[in-house]
K.L.:
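The structure is given below, and queries will be raised subsequently.
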Amino acid sequence: MMQVKVGDCILEIVKGDITEQDTEAIVNAANEALIPGGGVDGAIHRKGGPEILEELRSKYKGCPTGNAVITGGGKLKAKFVIHAVGPVYKGGNRGEAELLKKTYESALKLALEHGISSISFPAISTGAYRFPLEEAAKIAISTVIEFIKKHNSPKLVRFVLWTDDAYQTFSQVTKEISPNLS
Ligand code: ADP
């Protein structure tokens, strides 16, 4: 576990399961159709129960890459799920980096609009969508820090990494970036 202070806020890096987090919101690595898939998405719908999908179906037609939508958390500990659609990695020359940054920003903006003060993120796009881990970590961490500095919110942002490799990479990138924080 690793914690860094950013102004009045805290950035946390933990190894674990996103569906077990007690933050006010958790972020889902969703797809454009907002139809439950594998990975994080499958785990969230399994544990949260059918009401999350019912709410998605009733409110949204889908969600373009880089954007996000919000539902309740169903049976999860988290009150909200923010469904954010990261880019599929196709070699790196198709705007993937900008789209991944936009995905994190969209999720954080929704959190701000809903007065959410604590949120957990998975490593969006690094599973089935094959985004290289280190580049994804740099984008994720720097985008979150930039947002927190600007808005002084959310008070807690937790990255929840599933694999040792992802946990080590996110921790290392945070160590490299955090000395520059004032
Ligand atoms: P994407 O389609 O955006 O790549 P995935 O869900 O396939 O999304 O994977 C995103 C990341 O989440 C991967 O690094 C994967 O190892 C990780 N992951 C899978 N299950 C969980 C879980 N229960 N909690 C947190 N992270 C998870």
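The analysis underlying the following values was restricted to heavy atoms, covering all of them including side chains, and did not include hydrogens, waters or symmetry mates. Start at 1 and go down the list; that is how both ligands and their atoms are numbered. Along the sequence shown, residues are numbered consecutively beginning with 1.
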K.L.:
Among all the protein's non-hydrogen atoms, which is closest to atom 6 (O) of ligand 1, and how far away is it?
P.N.:
Val40 N, 2.9 Å
K.L.:
Write out the residue and atom name of the closest protein heavy atom to atom 11 (C) of ligand 1, then the distance separating them to 0.1 Å.
P.N.:
Ala123 O, 3.3 Å
K.L.:
Got the closest protein heavy atom to atom 4 (O) of ligand 1, with its distance?
P.N.:
Gly127 N, 2.8 Å
K.L.:
Other than Ile10, which residues form its hydrophobic cluster under the rule that side-chain heavy atoms must be closer than 4.5 Å?
P.N.:
Leu156
K.L.:
Under 4.0 Å from a heavy atom of Ala29: give me the atoms of ligand 1 that qualify, with their elements.
P.N.:
3 (O), 8 (O)
K.L.:
Enumerate the atoms of ligand 1 whose separation from the nearest heavy atom of Asp17 is less than 4.0 angstrom.
P.N.:
22 (C), 23 (N), 24 (N)
K.L.:
OG/Ser171 to CE/Met2 distance, rounded to the nearest 0.5 angstrom?
P.N.:
6.0 Å
K.L.:
Give a yes/no verdict on whether any heavy atom in Gly86 is under 4.0 Å from an atom of ligand 1.
P.N.:
no
K.L.:
Please tell me if the side chains of Ser125 and Thr103 come closer than 4.5 Å, counting only heavy atoms from C-beta onward.
P.N.:
no
K.L.:
Nearest heavy atom to atom 22 (C) of ligand 1: which of Trp162, Phe131, Tyr89, Phe121 does it belong to?
P.N.:
Trp162
K.L.:
Judging by distance only, is a nitrogen or oxygen of Ala166 under 3.5 angstrom from one on ligand 1?
P.N.:
no
K.L.:
Is there a heavy atom in Thr19 that sits closer than 4.0 Å to ligand 1?
P.N.:
no
